[in-house]
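Throughout, residue positions are numbered sequentially from 1 according to the sequence presented. Computed from a prediction, not measured in an experiment: that's the story for all the values here. All values below were derived from every heavy atom in this structure, side-chain atoms included, with hydrogens, water molecules and symmetry-related copies excluded.
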Amino acid sequence: MHPTTTGNRAARPARAGLLADLRSPWEVVSNLTPNWFASVMGTGIIANAAVGLPVQVPGLRPAAAAVWVLAAALLAVLTAGTVAHWIRYPAFARRHHRDPVTGNFYGAMAMAYLTVGIGAVLVGRDWIGATAALALGTTLWVIGSVLGLFFALLIPVLMVRGGHYREDAAFAGWLMPVVSPMVTAAGGAVLLPYAAEGVVRTSLLWFSYGCFAFTLLASLIVLPAVLLRLLRGPRWAPTMVPTAWIALGPLGQSMTAANGLGAGAHLAVGGDLSAGLQRFGTDYGWTVTVAVLMWTAVALTLTLRTALGTADGLPYALTWWSFTFPVGTCATGFSAMWAATGATGYAVLAIVYFLGLVTGWIVTARGTVHRALASGALLRHPALAS
């Protein structure tokens with residue numbers, strides 16, 4: 001979702017056809033930054049959110065399963081493409097983790113594996129069977145968790161050393177490396193019923209709560225800097241404005257994780273402790289709901305103000321994928337709160353945010369396909385422009 005990767009504008013003879021701007025097939029992977037994995041996150045969360053909605057209409061689950069297959073296919077393609085990118089363009093690849101914008105989105109890579117892994121257990125079993133789905137989901141959860149914790153520690157250190165954490169440079173993308181452990185926590189809740197009883201299941205529960213606490217603390221450190229940037233300026237560039245929606249990610253995902261872990265805690269611990277963890281999930285959710293609604297208003301205002309109030313509007317960039325996954329986590333969070341409390345308001349909120357997710361995905365996917373496949377502009381590294 002790097003705003004500078006929106007394509008080359010250098011003058012060249014117009015050519016028609018698929019990937020018309022590329023001079024070589026290898027250029028398809030020349031600009032394959034970790035930002036691209038946000039498309040997997042944004043696609044996979046549709047499937048995960050759909051199967052947990054308070055209202056299940058005919059055809060919704062098969063549609064969700066089909067979307068999960070699409071997300072899994074995207075993950076496979078991007079994983080293979082990333083390997084090819086490192087082999088063919090190592091000089092470009094080695095710069096990503098030190099870039100003040102792109103480096104933060106290594107968190108998207110981890111969350112892509114986690115999202116597809118969670119989806120495998122929730123809905124992928126409809127296509128590949130329960131046993132294969134659990135094996136695949138667990139494997140992807142482990143991979144995503146390891147990558148997520150690694151990047152959550154590495155990227156902030158590199159950003160500090162590079163002097164990139166400045167007040168005038170703050171943007172919500174700073175949350176990307178540290179949100180991933182919260183997705184691990186939500187995935188841990190999904191895997192909890194399938195874990196071996198005893199030490200394994202108990203360890204999974206407390207490891208997931210540890211990941212929850214890590215992201216919660218890190219988000220509380222990052223968010224004030226983002227708020228100060230919004231209040232004091234300078235204003236974000238139009239291509240950066242969609243990243244405002246990223247702040248919904250840790251909020252919605254934490255509601256999902258807190259209630260999911262609380263609901264399954266009795267499987268690992270008993271008595272008053274499991275009841276207390278369940279109460280914590282609902283009490284936490286009530287509090288975070290206010291923050292979600294407030295930040296949604298902020299992000300929507302920023303987006304509309306930019307789209308309608310500037311000469312260039314809201315130009316397409318990979319940052320548009322910020323309209324998807326964070327909104328989807330709110331849908332899953334509100335669905336979890338509805339399951340825990342039975343409150344009709346949460347059912348309504350879950351459906352509203354899910355519809356917002358689908359709308360955001362359609363708009364963003366259309367722009368990505370047009371820019372990536374019709375011309376290839378997003379796929380070619382700017383340094384390869386003639």
Side-chain angles (χ1 to χ4, degrees), residues 1-2 32-45 47-48 68 71-72 74-83 85-86 93 96-99 101-122 136-159 172-191 204 207-219 222 243 246-250 252-254 256-257 318-319 321-322 324-326 328-329 332:
M1 296 190 290
H2 196 317
L32 200 58
T33 60
N35 315 47
W36 282 94
F37 284 88
S39 64
V40 179
M41 296 166 56
T43 302
I45 195 66
N48 299 356
W68 175 80
L74 283 173
L75 179 62
V77 169
L78 287 176
T79 299
T82 298
V83 173
H85 176 68
W86 275 87
H96 298 330
H97 63 284
R98 297 187 184 277
D99 186 279
V101 174
T102 301
N104 292 285
F105 289 98
Y106 268 106
M109 180 184 294
M111 286 186 278
Y113 285 97
L114 289 165
T115 303
V116 174
I118 293 169
V121 179
L122 291 176
L136 177 62
T138 302
T139 300
L140 293 179
W141 180 83
V142 170
I143 293 172
S145 297
V146 171
L147 288 175
L149 289 170
F150 176 71
F151 291 134
L153 297 173
L154 174 66
I155 298 302
V157 170
L158 293 177
M159 294 295 112
W174 284 3
L175 289 164
M176 289 296 290
V178 299
V179 170
S180 182
M182 189 65 81
V183 186
T184 290
V190 172
L191 293 173
L204 175 60
F207 173 73
S208 298
Y209 271 116
C211 290
F212 174 95
F214 175 89
T215 292
L216 185 62
L217 178 61
S219 298
V222 173
T243 66
I246 293 175
L248 289 177
Q253 196 66 277
S254 62
T256 307
L318 286 177
T319 48
W321 283 102
S322 302
T324 57
F325 185 82
T329 66
T332 60

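With sequence neighbours left out, the side chain to side chain contact (heavy atoms under 4.5 Å, CB included) criterion links A186 to Q253, T256, A257. Checked against side-chain hydrogen bond (donor to acceptor under 3.5 Å, both in side chains), T324 has no partners two or more places apart in sequence or in another chain. Every residue meeting the side chain to side chain contact (heavy atoms under 4.5 Å, CB included) condition with T43, not counting sequence neighbours, appears here in chain and number order: V67, L70, A71, L74, W321, W361. Applying the ring-ring contact (aromatic ring centres under 6.0 Å, His included) criterion to H97, with sequence neighbours excluded, gives no partner residue. With sequence neighbours excluded, no residue forms a side-chain hydrogen bond (donor to acceptor under 3.5 Å, both in side chains) with S39. Residues satisfying the ring-ring contact (aromatic ring centres under 6.0 Å, His included) test with F214, not counting sequence neighbours, are none.
S180 approaches G144 most closely through the heavy-atom pair OG-O, 4.2 Å. In this structure, V190 and V121 approach most closely via the heavy-atom pair CG1-CG1, 3.7 Å. Of all heavy-atom pairs spanning T33 and H96, the tightest one is CG2-CE1, 3.6 Å. What you find for P250 and T215 is that their closest heavy atoms are CB-CG2, 4.4 Å. T243 and G173 get closest at one heavy-atom pair: CB-N, 4.5 Å. Between A172 and A247, the closest heavy-atom pair is CB-N, 4.3 Å.
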Under 3.5 Å, side-chain donor or acceptor atoms of residues 105-116 against the rest of the protein: list the pairs with distances, not counting sequence neighbours.
residue : atom : partner : partner atom : Å
Y113    : OH   : T79     : OG1          : 2.7
T115    : OG1  : M111    : O            : 2.6

Atom pairs and distances, side-chain donor-acceptor, residues 145-157, under 3.5 Å, sequence neighbours left out:
residue : atom : partner : partner atom : Å
S145    : OG   : W141    : O            : 2.7
S145    : OG   : T184    : OG1          : 3.0

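No donor-acceptor pair under 3.5 Å is formed between the side chain of S219 and the backbone N or O of L216. Checked by atom type and distance alone, the side chain of T102 never pairs as donor or acceptor with a backbone atom of D99 at under 3.5 Å.
The structure places OG1 of T82 at 4.5 Å from CG of L32, a figure rounded to the nearest 0.5 Å. With rounding to the nearest 0.5 angstrom, the CZ atom of F325 is 4.5 Å from the CD1 atom of I45.
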